[in-house]
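Just so it is clear, the values below take in all heavy atoms, side chains as well, and ignore hydrogens, waters and symmetry mates. Lettering follows sequence order; numbering is per chain, from 1.
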Amino acid sequence: MELGPIWRALLRNKTGAILIALQIAVTMAIMVNAISIMQERSSMMARPSGIDEQNTFILSSDGFAADFNERVTVEEDLAALRAMPGVVNAIQSNSIPLSGGGWSMGLQTEPGAEIDGTGVAVYFVDEHGLETFGLNLVAGENFSATDIAWRGRSETSWPDKTIITRAMAAALYPDDPGSALGKTVYINDDEPLVITGIIEQMQAPWNGWDGVERVMLTPNYTLFGGADYIIRTEPGRRDELMPQVEALLAERNRDRIVRSMRSMEEIRERSYRGDSSMIKILAFTIILLIAVTSLGIVGLASFSVNRRTKQIGTRRALGASKVAVLRYFMTENFIISLIGVVIGAALTIGLNIVMIEAFSLTRIAWYLVPAAMLMLLVVGQLAVLGPAKRAASVPPAVATRTV
Amino acid sequence: MFSYYLKLGWLSIRRNPLLSALMVAAIAVGIGACMTIITVNYVMSSNPIPHKSEQLFYVQLDSWDPNNQGDDGFEPPDQMTYIDAMALMKAGKAYRQVASNRSSLVLEPQNEDERPFSVDARNTWSDFFPMFDLPFIYGSGWDDTADRSLERVVVLSKEINERVFGGENPVGRNVRLNGMDFQVVGVIDDFLPVPKFYDVTNGAFNEPEEIYIPFNVAVEYDLPRNGNTNCWKPFDEGIEAFLNSECAWIQFWAELRNETEKREYMAFLNAYAEQQKQLGRFPRPLNNQLSDVMEWMEKEEVVEDDAQVMLGLSLLFLVVCLLNTIGLLLAKFMGKSGDISLRRALGATRANLFTQHMIESGMIGLGGGVLGLGLTWLGLRGIEMLFGDFVENLVGLDWVMVLTAIGLAILSALLAGLYPTWRACRVVPASQLKIH
């Protein structure tokens, strides 16, 4: 290989090479950090909400008339919903995973106002809650119909039973999460609750919360003036049932309005819209960036080929083969790109440290750095291929022309 | 001379159309990416009420839990309790003051055929309208007697008036909200502060509410509240107990016209907190805060982290595009060594050549800027498509942004041109003539 001459030729014309190397380095820093953010977001979006998303939808019912009888309405609505063909089960609740709006409380293992409770998302359910949400009870038992109490809007006391998620059990009893069943925990500083069941997994309504899997189910019907109905259908029948359910509820009682009907699919899409958009924007940025950098390489290489036409002709006249000329330009680009990706690796890690500090992003996965280096080397070689081929086709006779 | 250089620049650009197009495209793409993100950041961090943002103060009283630090240490809660908000309203120590919160009501149209629908409502006080400069089409806000005597009055947004009264003057007529009649006193024109500074707790980029009713009426009839509510201390059953609880759910703003008023108000707040301490409330050390509009936006981190990450990445993107342009310009100018040395030999000074090449770079920048502006517009439409209604108010281009885009493009091109031009000027007169 003619590394020596190539290197010395590069040194005689440093600036162009340095510019390309820097461009490759910055490209790599942006690319790797962007990919890392994309990975972080998509793994966040891949977390299961714990419920049967495909076949579930939700709608709100708000009473407004002065003589609105909420209790009777809820009882009749639920009976009608559960009797509908195609409906697996339905409940009244205050929220649903990923919806962004909900209720949180603190639970503590010892009573006392001075103790800092563990935050937990609350879903009010009846004995049909587990089936409607599609939750997997791993220990203890479901609520029974007699457990369910009616809760008024400004009521503050809590039913004495609760079902919590495994994640909540682990947060309350970090040393022995398995022991949570049957234990007494305290809400509102000193109000005791017994943990009567543990469910495998369920998400809180807020996807960005660091305790997103800390959930408690409370055996309550609510009388808050308005509530959500959560309806789970047989597989594949959701879309057909949604308008039917809306019409049924709207017709059954005109003292309330039925609104905000949306499927879990829509709720998930909306909940992660920021993240999925971020992924798309970053992907687009990376493509543009690589395009700009490759075009830059093509432009500069073409220029350098044009400038060196005479030298190429001379080399060819002196016996260098076409392949040798091609190899010269490919090797030159390889050296420049190699310097670029090495600087790039350092820049990438530097940028990542800055991003972790400023925006608490995650660290990049180690394999991204070598993968990006390899990829940019290949991109560089592909970009220079065209100009290098043109260089190789310079006829030896050019050498004799201008002098 | 300038027009001569413009002509030379144009000729030079036309001589290598491909290289020139590449440079213009590189700058355009860099500017497009950058300006798209800069625009979103600019709107997110813009001043929603510039003429008086320094006289409007968000009031935070630290009535919170001594045992619970929260995420950022002992910061006062970002909303206020009912007891405190009412005490401050009653004292009336500021030039204007407003306690408000968000709610959702059901509006029953008079036409029996139309179904009732839900509207976003703000429970507020008479000072809200003059304080935040709401523009009225019909009528006006209510006055403070309405606040005190629980008059059921309502101010409608333009859209609701359109929907319920067909856009006619509804002042004096009634609308039925949650089963009660409210008399319309005014209709506001388009009012779209971005960010929605007076209630960032419930979403800094939400749409403004559709109707406004007196706060006291909402409390008296226990109308639904649906904004963020935070409590740290258990309380008893019933609405009375809730109102007297340590739950924070109210946003409180004070208008203070100068430093003296601000100082006096702060002293008043501290005296109030001290007095509450006597009564056994406010268990934490004294930490009341007044933040003007922009300070409050900063504190509540209204500009999303994502937007800032994108801003950083897009600036780096611009750097790549500039490195690209520097390389290409260098190639181009060095390719003109023959011309340059000829001109030098014929008497052009280095200063002449410097000006000439900087003008050429500037022209490329201008081209990149104009094209980049088009790309910015496309980029903003793309963002709008991706994020949907959430960003509706964030993706407009105003004159400031248009000029920034062009300016940034020209500046970038000049910066990129600096080194290649310097190299070009160093060409020795007549040095390149020999070989031809």
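- Within residues 298-306 of chain A, the residues having any heavy atom under 4.5 Å from a heavy atom of chain B are, by residue number, A:Gly299, A:Leu300, A:Phe303.
- Using a 4.5 Å cut-off between heavy atoms, B:Leu223 contacts chain A through its backbone alone, with no side-chain atom that close.
- B:Asn324 and A:Gly296 get closest at one heavy-atom pair: OD1-CA, 3.3 Å.
- Residue pairs meeting the salt bridge (charged side-chain N to carboxylate O under 4.0 Å, His left out) criterion with at least one partner in residues 309-337 of chain B, sequence neighbours excluded, are B:Lys332-B:Glu360, B:Lys336-B:Glu360.
- Residue-level contacts of residues 350-358 of chain A with chain B, in order of numbering, are A:Leu351, A:Met355; threshold 4.5 Å between heavy atoms.
- Between A:Thr156 and B:Phe235 the shortest heavy-atom distance is OG1-O, 2.9 Å.
- Residue A:Arg153 comes nearest to B:Pro224 through the heavy atom pair NH2-CA, 3.5 Å, listed as atom of the first residue, atom of the second, then distance.
- Residue A:Leu289 comes nearest to B:Phe317 through the heavy atom pair CD1-CD1, 3.7 Å, listed as atom of the first residue, atom of the second, then distance.
- The most heavy-atom pairs under 4.5 Å with chain B, out of A:Leu22, A:Ile18, A:Asp62, A:Ile37, come from A:Leu22.
- Looking at A:Leu282, the atoms closer than 4.5 Å to chain B (heavy atoms on both sides) all sit in the side chain, from C-beta outward.
- Of the atoms belonging to B:Arg423, it is side-chain heavy atoms, and not backbone ones, that fall under 4.5 Å from chain A.
- Only the side chain of B:Val29 comes within contact range of chain A, judged by heavy atoms closer than 4.5 Å.
- Looking at B:Leu22, the atoms closer than 4.5 Å to chain A (heavy atoms on both sides) all sit in the side chain, from C-beta outward.
- Screening residues 229-239 of chain B for salt bridge (charged side-chain N to carboxylate O under 4.0 Å, His left out) gives no qualifying pairs among residues at least two apart or on separate chains.
- Contacts between A:Ser276 and chain B at a heavy-atom distance below 4.5 Å are absent for every atom of the residue.
- Contacts of A:Ala113 with chain B are made by backbone atoms alone, with heavy-atom separations under 4.5 Å and no side-chain atom involved.
- Here A:Ala250 is the residue among A:Gly16, A:Ser360, A:Ala250, A:Gly226 with the most heavy-atom pairs under 4.5 Å with chain B.
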